[in-house]
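A short write-up of the structure that comes next.
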There are 2 protein chains.
Amino acid sequence: MLRVATWNVNSIRSRKELVFMWLERVPVEILCLQELKTETHNFPFLDFERLGYKCYVHGQKAYNGVAICSKFGLEDVFKGIGDAKFDVESRVIGGRLKDLWLINCYFPHGEERGGKKFYYKLEFYDAFCKFLDRSFSPSDKIVLVGDMNVALEDIDVYDPVVLKDTIGTMPEERQALRRLLDWGFVDAFRYLYPNKVEFTWWDYIGGAVWKNQGMRIDYIFITEHLLKSLKDVFVDTWARKKRQPKPSDHAPVVGVFEL
Amino acid sequence: MLRVATWNVNSIRSRKELVFMWLERVPVEILCLQELKTETHNFPFLDFERLGYKCYVHGQKAYNGVAICSKFGLEDVFKGIGDAKFDVESRVIGGRLKDLWLINCYFPHGEERGGKKFYYKLEFYDAFCKFLDRSFSPSDKIVLVGDMNVALEDIDVYDPVVLKDTIGTMPEERQALRRLLDWGFVDAFRYLYPNKVEFTWWDYIGGAVWKNQGMRIDYIFITEHLLKSLKDVFVDTWARKKRQPKPSDHAPVVGVFEL
DNA sequence: GGGTAACTGG
DNA sequence: CCAGTTACCC
């Protein structure tokens with residue numbers, strides 16, 4: 001069994017205790033983290049080592065930052081997407097475990113429609129697709145995980161009417177995310193559960209998590225070769241609902257594979 | 001027995017747990033606090049009430065702020081020194097318990113010799129003496145406590161050579177503080193222990209507390225009528241040496257009276 | 001609402 | 001070194 005988790009932790013320094021508590025509950029083999037909000041040298045390598053994880057970290061001060069913590073050593077580890085315009089930010093890290101590629105990405109938030117950050121988000125998706133074209137083939141075994149900052153369908157938000165034209169739900173963004181599916185990925189959660197309403201992110205404001213007012217913006221995408229190995233995908237809201245230590249606004253998503 | 005304590009807590013919001021732990025050790029009847037660093041409405045009135053204290057609070061956002069927490073109700077509570085120039089900051093609070101006046105003051109730090117804040121400190125002392133002249137008589141029973149931000153004598157600093165011309169030790173400042181003694185106050189600690197070397201403040205920097213590199217800048221001053229009632233004065237370093245919760249850089253000073 | 005940084009006061 | 005602040009990001 002191979003369990004691959006993705007979790008936007010919103011600062012690894014302030015969240016590491018929670019992460020280790022969660023790993024006791026769900027000791028996944030591979031944990032992909034986003035929004036480390038710290039430089040690589042501040043990453044808690046030793047704490048993860050004690051639990052048997054080797055960590056591959058692409059840190060950044062204050063913003064972004066991604067890591068893969070794996071029980072198995074990775075090869076061909078890469079950072080960024082080979083595009084200088086976007087690689088000034090630490091949003092992508094990947095590597096290979098035998099014939100399985102892992103890619104962990106923190107896609108831009110976008111802020112609001114029409115602004116500079118909104119176009120940056122769309123352009124990032126564009127650049128990411130080009131990176132896929134250059135570096136991979138849809139016939140590869142690839143697990144692409146991360147915070148995509150887009151809810152794919154209306155079923156992926158708690159209220160599509162209330163959230164109309166809010167960031168993460170707009171047609172341009174959904175189209176950008178769908179290009180990853182068009183390229184050759186399958187949304188593992190939706191593949192197994194076509195009608196299930198589950199969210200991975202809830203705003204800190206107004207106790208949204210208690211009213212389950214969330215969005216599904218964190219994903220496990222897999223290429224077709226992996227579909228037969230996919231056993232389950234689940235969102236663990238335990239860590240999001242904890243009050244002490246304080247939670248991230250995202251919950252971890254876990255994919256279970258039998259390879 | 002009446003125990004009166006003075007403690008610069010360096011933010012009551014971040015120090016309240018420590019204060020309540022300390023009150024279990026030394027349940028003083030009257031606790032005078034300085035550097036609340038918060039507005040009056042954020043003061044933890046309820047926590048103190050649970051322990052039987054009535055609190056008189058003169059708060060301020062971010063800087064200064066003083067309070068008297070008393071097991072007995074006070075009358076004629078006043079805030080400030082009646083001088084608009086200095087009363088824009090919350091540095092003084094006082095009140096009367098029967099025939100005993102309590103005055104709690106946080107004197108300015110002064111930063112360094114020659115600067116604006118240095119003259120402000122000296123002028124504050126001047127204005128404070130004028131306030132005493134206007135409002136009190138040396139024949140009154142008065143307990144004046146607080147962070148005076150001045151070490152009276154060389155014996156009150158860990159190394160007068162090293163600290164020469166550093167803030168809190170300079171002749172101008174000592175002269176300003178001595179004017180309170182000239183007015184009619186007695187330094188209760190020094191009265192009982194003429195040769196004792198004890199400090200009330202240690203810099204956070206460089207682990208000064210562990211090397212006992214401190215200064216005595218927090219005082220219990222009393223008028224002559226109270227000398228016969230004075231039983232003891234002690235500095236409790238317990239709270240300063242605690243690591244969890246984090247300490248203030250000042251230790252509480254306690255005066256014990258038999259009235 | 002919760003994290004970061006840079007600044008200021010002590 | 002340890003508080004507080006404002007400003008920025010999500």
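Letters go in sequence order (proteins before strands), and every chain restarts at 1.
Regarding A:N64, its CG atom lies at a distance of 13 Å from the C1' atom of D:dC8, rounded to whole Å. Taking atom CD on A:E39 and atom C1' on C:dT4, their separation rounds to 12 Å, with Å as the unit. The interatomic distance linking A:K37 (NZ) with D:dC8 (P) rounds to 15 Å, in whole Å. Put simply, CD on B:E112 is 13 Å from C1' on C:dG10, counting in whole angstrom units. Spacing between atom CZ of B:F118 and atom P of C:dG10 amounts to 14 Å, rounded to whole angstrom units. If you measure from atom CD of A:E89 to atom C1' of D:dC8, you get 14 Å, rounded to the nearest angstrom. Rounded to an integer number of Å, the gap from A:N42 CG to C:dG3 C1' is 15 Å. To the nearest angstrom, C1' of D:dT5 lies 13 Å from CD of B:Q60.
Among the nucleotides D:dA3, C:dG10, D:dC10, the one closest to any side-chain atom of B:E35 is C:dG10. If you check D:dG4, C:dG3, D:dC10 against the side chain of A:R15, the one that comes closest is C:dG3. Among the nucleotides C:dG1, C:dG10, C:dG3, the one closest to any side-chain atom of A:Y204 is C:dG1. The side chain of A:K246 lies closest to C:dG2, out of C:dG10, C:dG2, C:dG9. Distance from the side chain of A:S11 is smallest to C:dG3 among D:dG4, C:dG3, C:dG10. Checking D:dC9, D:dG4, C:dT4 against every side-chain atom of B:R13, the shortest atom distance belongs to D:dG4.
Checking B:N104 against B:Q34 by side-chain atom types alone, a donor-acceptor pair falls below 3.5 Å. In summary, the side chains of B:S248 and B:R15 do not present any donor paired with an acceptor at a separation below 3.5 Å, with no hydrogens or angles considered. For the 3.5 Å distance criterion, the side chains of A:Y120 and A:E89 qualify, holding a donor opposite an acceptor.
No option in B:R178, B:K121, B:R113 other than B:K121 meets the side-chain hydrogen bond (donor to acceptor under 3.5 Å, both in side chains) test with B:E173.
Taking all atoms of both residues into account, the shortest heavy-atom contact from A:G94 to A:I68 is CA-CD1, 4.0 Å.
Residue A:I205 is the one, among B:I205 and A:I205, whose nearest nucleotide of DNA chain C lies closer to the 5' end (criterion: closest heavy atom). Each of A:G206 and A:A62 was assigned the nucleotide of DNA chain C with the nearest heavy atom; the assignment lying further toward the 5' end belongs to A:G206.
Contact between the side-chain N/O atoms of B:K61 and the OP1/OP2 oxygens of D:dT6 is found at a separation under 4.0 Å.
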